[in-house]
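Throughout, a chain's letter reflects where its sequence line sits, starting with A, and its residues are numbered from 1.
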Number of protein chains: 2
Amino acid sequence: MMARAGLSTELLVRAGADLADEAGFEHVTLSEVARRFDVKAASLYSHLKNSHDLKTRITLLALEELADRAADALAGRSGRDALAALANVYRDYAREHPGRYAATRFRLDPGTAAASAGPRHARMTRAVLRGYDLPEAEETHAVRLLGATLHGYVSLEMGGGFDHSAPDTGATWSRTIDALDSLLRNWPAPDHH
Amino acid sequence: MMARAGLSTELLVRAGADLADEAGFEHVTLSEVARRFDVKAASLYSHLKNSHDLKTRITLLALEELADRAADALAGRSGRDALAALANVYRDYAREHPGRYAATRFRLDPGTAAASAGPRHARMTRAVLRGYDLPEAEETHAVRLLGATLHGYVSLEMGGGFDHSAPDTGATWSRTIDALDSLLRNWPAPDHH
DNA sequence: TACATCTACCTAAAGGCTTTAGGTAGATGA
DNA sequence: TCATCTACCTAAAGCCTTTAGGTAGATGTA
């Protein structure tokens with residue numbers, strides 16, 4: 001009796017990510033993950049440091065997956081195509097994996113963040129921008145604006161912020177991409193005021 | 001002995017909001033609020049339905065406060081001035097009251113959301129847009145884009161997403177406002193693809 | 001003023017999640 | 001075959017939420 005469950009950090013993190021997608025990232029709990037493996041919660045401590053550790057690892061997983069998708073989508077595209085592809089990767093990922101996407105917004109400590117796929121995301125965003133010709137000094141600003149708009153949009157949409165109003169969000173999404181493309185093609189000079 | 005503490009829903013919600021600002025919205029707990037009034041947690045149930053109720057009320061409070069500030073800031077301004085004023089209200093509020101701002105992203109059920117200051121925010125954003133002349137059919141799209149960008153920016157900045165990279169975030173913020181202003185003045189026609 | 005009522009806050013208790021300490025049995029290797 | 005290792009277990013403490021039922025201080029009325 002007492003067969004071993006064959007757990008591993010990998011397995012637990014994947015189960016945690018699935019749980020996040022089903023129940024929401026904020027409801028990810030060691031107890032629930034343990035339950036899914038028919039194991040006591042205390043047993044997870046052989047594989048995970050603690051609850052925060054699990055959340056961190058789910059975040060890292062989501063960041064990787066998202067970066068992989070982005071890399072695929074960006075391959076061979078540039079300009080507006082690349083922008084739209086990147087944008088759609090974020091939105092689609094958030095829809096397919098809401099919990100994982102939410103994990104993406106979990107605050108990592110600086111060391112962990114630096115070692116995550118975060119920097120890869122930044123590099124890909126920069127790559128998209130190279131399809132537009134921005135003054136070099138503006139590139140970081142544009143990276144941030146792009147990140148903010150895309151993440152902001154996806155978060156609001158996921159959070160239901162756009163429900164109850166008339167035009168469907170699909171239309172707004174494509175107008176948002178139009179707008180961003182247009183903005184990057186006509187990047188304004190700093191305003192003096 | 002056993003003097004009454006003189007609690008009220010109002011008082012508790014305000015204390016909860018302060019706690020959110022100090023410890024983070026996700027750490028708001030009935031127990032901690034009770035502790036701050038030297039009262040047992042069970043006693044709060046005379047004033048609050050439950051923990052979720054407290055969070056909901058903190059959200060409503062934050063939404064009100066934010067709308068009040070926005071209304072003040074917008075008074076007498078239009079065009080780029082109004083845009084900048086609205087943007088700064090969000091950012092400043094988030095910096096002064098990170099927990100309250102985070103509460104703002106808490107998902108309300110549809111009925112509560114409709115009765116909240118949320119619609120007031122939408123109306124104010126529309127008011128800002130009237131300083132630009134967008135085709136009427138585009139207004140909702142622009143409202144959403146503006147909301148997404150502003151909230152996205154503030155969230156990323158608050159979440160530390162902009163740390164560790166060179167240009168300071170103040171510069172990016174003003175470039176973001178420039179960019180939004182420029183975008184609204186040159187709103188693109190729908191792209192055909 | 002005296003009395004009745006009301007209700008704000010209390011204690012008790014159950015149930016859930018986290019985390020630590022220490023045990024046991026199944027897996028692994030010599 | 002035996003020794004070791006370690007994955008998973010039980011026990012227990014601590015904290016949070018929520019419900020049930022009590023008590024005393026506040027309030028209103030005669």
message: Rounded to whole Å, please give me the gap between CG in B:Leu7 and P in C:dC9.
response: 4 Å
field: Watson-Crick or G-U counterpart of D:dG22, or none if no pair lies under 3.5 Å
entry: C:dC9
- prompt: Within less than 4.0 Å of OP1 or OP2 of C:dC9, is there a side-chain N or O belonging to B:His47?
  reply: yes
- request: Apply salt bridge (charged side-chain N to carboxylate O under 4.0 Å, His left out) to the pair A:Glu22 and A:Arg36, showing each step before the final yes or no.
  value: CA-CA 13 Å; A:Glu22 293 159 29; A:Arg36 292 184 173 210; 2.8 Å; yes
- prompt: Heavy atom of residues 17-32 of chain A under 4.0 Å from DNA chain C: which residues?
  reply: A:Thr29, A:Leu30, A:Ser31
Euclidean distance, atom CG of residue B:Leu48 to atom P of D:dT19 [Å, nearest integer]: 12 Å
statement: Checking N1-N3 plus N6-O4 or O6-N4 for Watson-Crick, or N1-O2 and O6-N3 for wobble, each under 3.5 Å, the partner of D:dA3 is C:dT28
- prompt: Does the pair B:Asp92/B:Arg95 count as a salt bridge with the N-to-O cut at 4.0 Å?
  reply: no
query: Can you list, by residue number, the residues of residues 35-45 of chain A that have a non-hydrogen atom closer than 4.0 angstrom to DNA chain C?
result: A:Arg35, A:Ala42, A:Tyr45
- request: Would you kindly give the CG-to-C1' distance between A:Asn50 and C:dC17, to the nearest whole Å?
  value: 13 Å
field: Lys/Arg-Asp/Glu bridge criterion (N-O < 4.0 Å) met for A:Arg69, A:Glu96
entry: yes
message: Given C:dC9, C:dT19, C:dG26, identify the nucleotide with an atom nearest to the side chain of B:Ala5.
response: C:dC9
- request: Could you tell me the separation between the NZ atom of B:Lys49 and the C1' atom of D:dT17, rounded to a whole number of Å?
  value: 14 Å
- prompt: Between B:Asp133 and B:Trp187, do the side chains contain an N or O donor and an N or O acceptor separated by less than 3.5 Å?
  reply: no
- prompt: Charged N to carboxylate O below 4.0 Å: is that the case for A:Arg80 and A:Asp178?
  reply: yes
query: Hey, is B:Arg57 close enough to B:Asp53 for a salt bridge, meaning N to O under 4.0 Å?
result: yes
task: May I ask you to decide if the ring planes of B:Phe106 and B:Phe25 are parallel, tilted or perpendicular, using 30° and 60° as cut-offs?
output: perpendicular
- prompt: Atom CG of A:Leu54 to atom P of C:dT19: distance rounded to whole Å?
  reply: 10 Å
message: Tell me whether the count of non-hydrogen atoms from other residues, nucleotides or ligands lying under 6.0 Å of CG in A:Asp109 goes above 12.
response: yes
message: Check A:Arg120 with A:Asp68, please: is the shortest side-chain N to carboxylate O separation under 4.0 Å?
response: yes
